[in-house]
Amino acid sequence: MGLDEIVNGFPLKEEWVYLDNAATSLKHERVISAMERVLREFGVNVGRGAHPPGECATEEFERARDIVASFLGVEPECLAFTLNTTHSIHYVLASIRWKKGDAVVTTALEHHSNLAPWLRFSEVLGFEVEVVGFDRETGEVDMAELESVVDDNTRLIAITHESNALGSLQPVDEILELAEEVGAYVLLDAAQSLGHMDHDWSRYHFLAAPGHKGLLGPHGTGILYVREDVMEELELRLLGGGSTDYVTRDLEVVPREPPLSFESGTPNLPGVIGLAEGVKILEEVGLNRVERRIRKVTRRILNGLEELEGVEILAPEAERKTIVPFLVDGVDYAEVGKKLGERNICVRTGRHCASLVFERLGLDGCVRASVAFYNDIEEAERFLEVVEEIARGS
Ligand SMILES: Cc1ncc(COP(=O)(O)O)c(C=O)c1O
């Protein structure tokens, strides 16, 4: 399939300028068809049925795992399918063998899904939580503060790769280095970067990401990568059908081998097959081209907004790829989003599930435009025209 055919294969794109890609991607015709085929031809359970449709479901599920793992550059045995990023993060939380005195270090940049679980479970599981601040201009974690709180008690640094509120990329090399010095794990929340950029994902101890954003999969899909050497150190606690091998007479629970041990309950087979199709599309486009196209449209939006009187871009010095957060003087952000929506332009408004970012900026929320490779300059121009009208008060 050529690029034009791929770009024009998202049905919703016909009617909408979709700049809400940080929430979830549009779904391609091929993803929709792949899912429909599952439901029609082998919509039965995975890894359980001793019958031909069941065998087909299992084979296709494992083929999908190979496709996604190969795209990520990781071993399929280290890759589990989950329901979303949040679900993946909970697996990490429930699998580390926490000990007294452990600390989790996270940041004020996090989406609630990489913040609330640590805060809520700290007492029950017995670890301390430190929340590190960020620079308002660059949107980067405050490395000096991070270095000052990370010590031998740090068990895990849980950090986003690209802030979903400010769009800022985080200095992951330095963070990995720091974690190595004290023997801590790094959990990377790649919800906003996976599928948008070429990167070595295999370096992290844990990688949590959605299937439904940059990887072009459907809702209800996510991935969890656990580095092979880390796998042995975990004690799985989120267990059920599929992930439990057996329970002994003495009531000892014996999990299955990874990655099945991370896939409790009936999996989202149509979703996973749709996700693999999304990944195939990305591979056909090529990550370099994906990245170039995203950067070009994002740059056009940034430059255009910078020129508009009465428009303020948040974290103006951020190194960003896809996300542009902004405010329009004198117009409530929710009103800006509503007016854009009335002109068939989709953006997100509010705090984007990243309360601490806005609390620390002293703001209530903002408008967020976020780009995917299927957006183009024409769409960026249309968006800018409408923002200009809103800023002028017309
Ligand atoms: C940075 C970040 N982390 C986590 C999430 C949560 O993702 P999911 O809805 O897949 O659980 C999001 C969703 O927007 C996000 O942007």
Side-chain angles (χ1 to χ4, degrees), residues 18-27 68 80-94 104 106-120 131-132 134 139-141 156-170 172 175 186-197 199 201 204 206-225 238 262 267-268 271-272 274-275 278 294 314-315 318 320-325 346-358 365-372:
Y18 187 74
L19 294 172
D20 194 14
N21 294 285
T24 197
S25 63
L26 293 181
K27 310 310 166 205
V68 180
F81 288 118
T82 62
L83 301 179
N84 47 45
T85 321
T86 309
H87 191 203
S88 303
I89 291 170
H90 278 81
Y91 264 109
V92 176
L93 172 97
V104 172
T106 185
T107 83
L109 287 163
E110 304 310 310
H111 186 282
H112 294 159
S113 72
N114 197 25
L115 185 65
W118 308 116
L119 295 172
R120 273 295 165 107
V131 180
V132 174
F134 61 89
E140 271 185 30
V141 61
L156 176 75
I157 302 176
I159 188 160
T160 186
H161 194 185
E162 181 177 351
S163 155
N164 73 310
L166 299 178
S168 45
L169 281 163
Q170 302 307 310
V172 286
I175 292 165
V186 175
L187 159 63
L188 190 75
D189 171 352
Q192 296 301 339
S193 51
L194 187 62
H196 289 155
M197 63 192 284
H199 190 71
W201 307 109
Y204 301 94
F206 303 101
L207 178 76
H212 61 93
K213 300 189 202 255
L215 296 185
L216 305 179
H219 308 74
T221 58
I223 59 121
L224 171 65
Y225 160 72
L238 271 187
F262 290 95
N268 179 1
V272 164
L275 168 59
I294 288 176
L314 306 186
R320 50 166 60 95
K321 282 190 187 301
T322 60
I323 292 173
V324 183
C346 305
V347 294
R348 176 148 179 209
T349 61
R351 292 169 171 235
H352 321 301
C353 304
S355 309
L356 286 188
V357 171
F358 293 92
C366 74
V367 189
R368 180 183 73 182
S370 51
V371 174

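For ligands, and for the atoms within them, numbers begin at 1 and follow the listed sequence. This is a predicted model, so every value here is computed, not measured. One is the number of the first residue; the rest follow in order along the sequence.
- The shortest distance between side-chain heavy atoms of Ile175 and Ile159 falls below 4.5 Å.
- Every protein residue with a heavy atom nearer than 4.0 Å to ligand 1 is included here: Ala22, Asn84, Thr85, Thr86, His111, Ser113, Thr160, Asn164, Asp189, Ala191, Gln192, Pro210, His212, Lys213.
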The test is side chain to side chain contact (heavy atoms under 4.5 Å, CB included); show your working for Met197 and Leu169 and say whether it passes.
CA-CA 11 Å; Met197 63 192 284; Leu169 281 163; 4.2 Å; yes

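- Contact check for Gln170 versus Glu162: no side-chain heavy atoms found under the 4.5 Å cut-off.
- Classification of the His161-Tyr204 ring pair by plane angle, with boundaries at 30° and 60°, yields tilted.
- Between Cys366 and His352, the closest side-chain pair of non-hydrogen atoms falls below 4.5 Å.
- Of the residues listed (Leu224, Thr221, Asn268, Val272), the one engaging Phe81 in a side chain to side chain contact (heavy atoms under 4.5 Å, CB included) is Val272, and it is the only one.
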